[in-house]
Structure formats: C-alpha cells, structure tokens
Amino acid sequence: MGRVLFLLLWVLPQVWGSSEVLGRSFLFRCLQITSFANSSWWRTDGLAWLGELQTHRWSNASDKIDSVKPWAQGTFSSQLQSVFRGYRSSFTRDVQEFAKMLSLEYPIELQLSAGCEVHPGNISENFVYAAYEGKYILSFQGSAWEPAPHAPHLVESVVKVLNQDRGTSEILQGLLRDTCPQLVNGILEKGKSELEKQVKPEAWLSRGPSPGPGRLLLVCHVSGFYPQPVWVMWMRGEQEQQGTQRGDFLPNGDETWYLQATLDVAAGEAAGLACRVKHSSLGGQDLVLYWDGSHNSVGLTILLTCLALLFMLILGLTLWMRRHR
Ligand SMILES: *[C@@H]1O[C@H](CO)[C@@H](O)[C@H](O)[C@H]1NC(C)=O
Ligand SMILES: *[C@@H]1O[C@H](CO)[C@@H](O)[C@H](O)[C@H]1NC(C)=O
Ligand SMILES: *[C@@H]1O[C@H](CO)[C@@H](O)[C@H](O)[C@H]1NC(C)=O
C-alpha cells in the first residue's frame, strides 16, 4: 500500500536535546482530521500542541507542516516533512481501499490523535488513537494495532490487514519511540522561556441566576492565568465549602485560561464567604475575595453599563451641539 516514503525516516539526523530542560513532563499531541465527501473529494488537516500551547498546523492545501510559534520553527526537519507528505497520500489511498473492501458509505470522517509524553529522565510514553464518525475505533499498542473495546466488527478486519504490514508497524514504532521524544526535546530547548512563563490570574465575583427562592448563586471568576493548574474554592474562614462547583477550563484568546467556581447558598448565609485562588504564578500569596452582598447579577451589570454609556453619549452630544451652535 505505498508506504515506501516512510523509509526516509531512517535517514533522519540524530539530534538529541535535553529532556531535563524544564524538569517536568510534557505532552506532545498531533491531531489529524480527514474528511471524505465521496471517493474523489477529501481533505486532511492537522494540528500539534506541546502542553497547552499550539506549536504546529498543517493545512490540506500546504505541502509542509507550519510552525505556529517562532521557537517551533525548523523542528520538523525536511526529511520528516517528506515522511509526513508520503504518509498523507498513502493514508488517503489506504482509506479508499478499506472503504471499497468493506463497502463503507461516504461521507467518511476520520480523526487521529498521536504523540508522546516525555518525562524528566529521558523516559517517554506514546499513543495513537483513531476515531471513525466521532467514535474511538482502534489504537496502536506497543507493536500492533488493536480494536477499541465495543468497536464494530468491521474494525477487526481493518486491524488484521494493518497488522500484516510489519514494515509500517516497525517504522511507526520508531517514530513514536525515538522521533517523537527527540522532537519534543528540540522544541523544549528552543521554547523554554515561553513554556515556563507564569501569568497571574485576575479574579472577580458576581451573582449568578438565582437557583431558587431565598437562594443565591455566588460566582467566582478567575481569568488570564497560565499554566492551567489552578485551585479555586469558596471558603468560610479556613473551611472549604464542599458545594463549590468548578466549570470547565475555557481558553482566552491570548493562550491564558478562564475558570469559574460557583456556590449555591441560602441568601442569609452568603456574608462571610470568600473565594480563594491558588496558582503557581502567585508565589504562595493566594487571592482572596470576600462576598459583601453588593455584587449584582450579570444582567443587571450589563444594564447599568448600558445606561451609563447612554448617559455619556447624550452628555457628549449635548456638549458638542452647544459648541457648534
Ligand atoms: C464529491 O464531493 C464534492 C464536494 O461535496 C462535490 O463537489 C463533487 O461533485 C462530488 N463528486 C462526486 C463524483 O460525487
Ligand atoms: C487536499 O489535498 C490533496 C493533495 O494535495 C488534493 O488532491 C485535494 O484535492 C485537496 N482537497 C481539497 C478539498 O482541496
Ligand atoms: C534518550 O532515549 C533515547 C531512546 O528513547 C535514546 O536513544 C537516547 O540516547 C537517550 N538520550 C539520552 C541523553 O540519554
């Protein structure tokens, strides 16, 4: 199935970086999305992240993997670039052959996630997962492909065919075991300062939509921090409030994070509560915000802001008209 280009892998230059640069583990993830509208129309696009930062992208229209960060530039050597070009076209051909063999219906949507996690001490783990129509169907484990638990029967025949190709399997093992950690070490060395940056969170409180009569929803917003690990809790004195609900981490546009923590309390019990935030950037100086009852709901805040803006606009217009009369 035309995988000869993979052989180029063996001429890769052996450049080793130091996995000790930052003294912590880093996950490198590549995502591939391939969509077939029919047997003759398809596209494959890719993205790569090191930890929380996107480092590369690969558009179907492009012949090469582009770095998103200046410090990730040149990390995919030209040989590695051509290995991936070869991979992209043989992947397309393989899917078309499988579609014929198994009489699959178009459109077909495939997603792959592959990469490695590099730990201090030059230890690494790696993974390859594939999904079909948004469902996890198979993975590469050690030296062979395996169907996912509860995968449809068809997947077994795909796995059988894939596992007959020992050559490709060995090359994939090399890519995962050697090339991936090598790549990560190279990026870590060049991107050290940005990867170890610390950005302090800001925090503020507001009142959420009322959960019921006589109850209040206290919302603690924490935003603009990096890296992601953060601790946010509603407290009464030194006592953690177990009812604290954490939302999902949401990305801000500037590669920092946003998180909110809410607490549903009886209206009379809100006084004395505080939101406490711990983050590596704060150097042990936790942020503590006290609930003082004056926090308006978001809707009211927006309304008041709009009224204030309208007032200023009218004032401005009046002054302008006076001056021009
Ligand atoms: C394949 O899909 C593309 C995009 O939807 C469409 O423009 C094209 O006409 C289709 N070709 C065939 C042979 O159905
Ligand atoms: C994606 O790239 C391949 C190879 O360059 C090309 O043949 C195909 O037409 C492209 N698909 C789209 C939708 O542009
Ligand atoms: C790191 O591990 C790789 C194999 O995973 C090995 O080839 C390389 O020599 C090791 N580098 C160092 C500095 O120990």
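Every residue two or more places apart in sequence or in another chain was checked for a salt bridge (Lys or Arg N to Asp or Glu O under 4.0 Å) with Arg57, and none qualifies. Legend: residues meeting side chain to side chain donor-acceptor pair (under 3.5 Å) with Lys197, ordered by chain and number and at least two apart, are absent. Every residue two or more places apart in sequence or in another chain was checked for a side chain to side chain donor-acceptor pair (under 3.5 Å) with Ser62, and none qualifies.
Residues Ala203 and Leu287 approach most closely at CB-CD1, 4.0 Å, considering heavy atoms.
Note: His221 and Trp204 have parallel aromatic rings, judged against thresholds of 30 and 60 degrees for the angle between ring planes. The aromatic rings of Tyr87 and Phe91 sit tilted, their planes meeting at an angle between 30° and 60°.
Atom CH2 of Trp257 and atom CD of Gln228 lie 4.5 Å apart (nearest 0.5 Å).
Side-chain polar atoms of Glu109 and Ser35 form a donor-acceptor pair below 3.5 angstrom. One side chain, Gln198 or Ser280, offers a donor N or O that lies under 3.5 Å from an acceptor on the other.
No option in His56, Lys190, Gln182 other than His56 meets the side-chain hydrogen bond (donor to acceptor under 3.5 Å, both in side chains) test with Thr75.
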Next on the checklist: Applying side-chain hydrogen bond (donor to acceptor under 3.5 Å, both in side chains) to Ser223 and Asn252, what does each step give before you reach the verdict?
Outcome noted: CA-CA 8 Å; Ser223 186; Asn252 286 323; 3.2 Å; yes
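In this structure, Trp145 and Val158 have side chains that are not in contact, with every pair of non-hydrogen atoms separated by 4.5 Å or more. Side-chain contact between Gln81 and Ile65 is present, with at least one heavy-atom pair separated by less than 4.5 Å.
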